[in-house]
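Here is the structure we will look at, set down as structure tokens.
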Protein chains: 2
Amino acid sequence: MQKMNSKNKIFIDKLRSSGLRPTNQRVEISKFLFNRKKTFHFTVEQLKNSMNLKRSKKISTATFYNTVHALKSAGYLKEFSLENNTSYYDTNVTSHHHFFDNGKVIDIKSDKITFQKLPEAPKGKKIKNVEVVIRLENNN
Amino acid sequence: MQKMNSKNKIFIDKLRSSGLRPTNQRVEISKFLFNRKKTFHFTVEQLKNSMNLKRSKKISTATFYNTVHALKSAGYLKEFSLENNTSYYDTNVTSHHHFFDNGKVIDIKSDKITFQKLPEAPKGKKIKNVEVVIRLENNN
DNA sequence: AATTACTTTATAATTATTCTAAAGTATGTG
DNA sequence: CACATACTTTAGAATAATTATAAAGTAATT
Ligand SMILES: [Mn+2]
Ligand SMILES: [Mn+2]
Ligand SMILES: [Zn+2]
Ligand SMILES: [Zn+2]
């Protein structure tokens, strides 16, 4: 049974509105993802490793994937792709930009980049969003 | 043995300068990739399927991967990532932008997008490149 | 308490990719 | 040209990320 301390209400609500019952595993995942002040960028594997590291009874891989997918479908997480092979997820679900520095992802707020010129969408199409990736390297 | 008709010289040269001997399989792949007027965006699986479709003796998967990787390392192909799970390659190796419309990739020339405001790189870093993806949807 | 519904998990399956090792083909040398 | 050496192709095995399956666990409903 779930002790419904109102401290966790916000994390439980995200699960509920994603169509998931707030089980213990899911509440822990939701807290781990959303109980932070800064945007969190992660892969499912990273999430699993960092959460399971400090646990005696591990949460299964399938539960991580299922929970992340449900939260994504409900709009609480955004999936993106930088390097191939792995999906990244972002707790900042607004359309925004990124620095990408050797595997590390940093948010750039939308208002930090503005355009002087943008192409029009091909006929029959319209623009859904415009996202910028700025790749970094060390100077010297 | 390779009949060195000068018609294929340019495709053979790309292989040579990628450190690959111009075998028949490789020359066919090089021609398929570079003997076109428009930019070509592809996954290795797509490349393999479309080339092998019309062949009696199929070129092996490993040869496709090896050849694409060598051409990429030599700078004749650029790898990029849009949706997860698969690497895309681009015969336009300059830094440029893309429309992305439901799996379909279209080049946007660099000069079609200009910036009014761009953030500075974090200290110790400098900007390697800035690439934009414009996601499209149907208007209706 | 019994029934039903949803969850978790271990494990199998799948997909994209890379590795391996054997068989094939080309190149260099005398 | 013979032979040795070097590089290539390929089928199939291995790997990594992800998804599917199905049995056992837990919660909700009656
Ligand atoms: Mn991949
Ligand atoms: Mn993937
Ligand atoms: Zn972000
Ligand atoms: Zn392109």
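Within every chain, numbering begins at 1; the chains are lettered A, B, ... in the order of the sequence lines, protein sequences first and strands thereafter.
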[X] side chain N/O closer than 4.0 Å to the phosphate oxygens (OP1, OP2) of [N]?
X       : N      : value
A:Thr23 : D:dT26 : no
B:Arg21 : D:dA6  : no
A:Thr86 : D:dA16 : no
A:Lys48 : D:dA17 : no
B:Gln25 : C:dT25 : no

Exercise. How far apart are the C-alpha atoms of A:Lys7 and A:Lys31, what are their side-chain angles, what is the distance that settles it, and do they pass the side-chain contact (heavy atoms from CB on, under 4.5 Å) test?
Worked result: CA-CA 10 Å; A:Lys7 167 159 93 32; A:Lys31 280 173 68 175; 3.6 Å; yes

Spacing of [X] atom [atom1] relative to [N] atom [atom2], expressed in whole Å:
X       : N      : atom1 : atom2 : answer
B:Arg26 : C:dT25 : CZ    : P     : 14 Å
A:Leu20 : D:dA27 : CG    : P     : 16 Å
B:Asn24 : C:dA26 : CG    : P     : 8 Å
B:Glu28 : D:dT10 : CD    : C1'   : 16 Å
B:Tyr88 : C:dT17 : OH    : P     : 10 Å
B:Asn85 : C:dT18 : CG    : C1'   : 16 Å
B:Leu47 : C:dA16 : CG    : P     : 14 Å
A:Leu15 : D:dA27 : CG    : C1'   : 15 Å

For this session: Taking side chain to side chain donor-acceptor pair (under 3.5 Å) as the test, write out the residues that go with B:Lys128, two or more places apart.
Result: none

Problem set entry | Set of side chain to side chain donor-acceptor pair (under 3.5 Å) partners for A:Ser50, sequence neighbours left out | none

One thing to verify: whether [Y] and [X] come together as a salt bridge, which I'm taking to mean a side-chain N less than 4.0 angstrom from a carboxylate O.
X        : Y        : answer
B:Glu120 : A:Lys112 : no
A:Glu28  : A:Arg55  : yes
A:Glu83  : A:Lys104 : no

Exercise. So which of residues 58-76 of chain B are in contact with DNA chain D, with a heavy-atom cut-off of under 4.0 Å?
Worked result: B:Lys58, B:Ile59, B:Ser60, B:Ala62, B:Thr63

Exercise. When you match B:Gly19 and A:Tyr89 each to their closest nucleotide on DNA chain D, which lands nearer the 5' end?
Worked result: B:Gly19

For this session: Using the ring of A:Tyr89 (Phe, Tyr or Trp, six-membered ring only), decide whether A:Lys72 places NZ or CZ under 6.0 Å from its centre and within 45 degrees of its axis.
Result: no

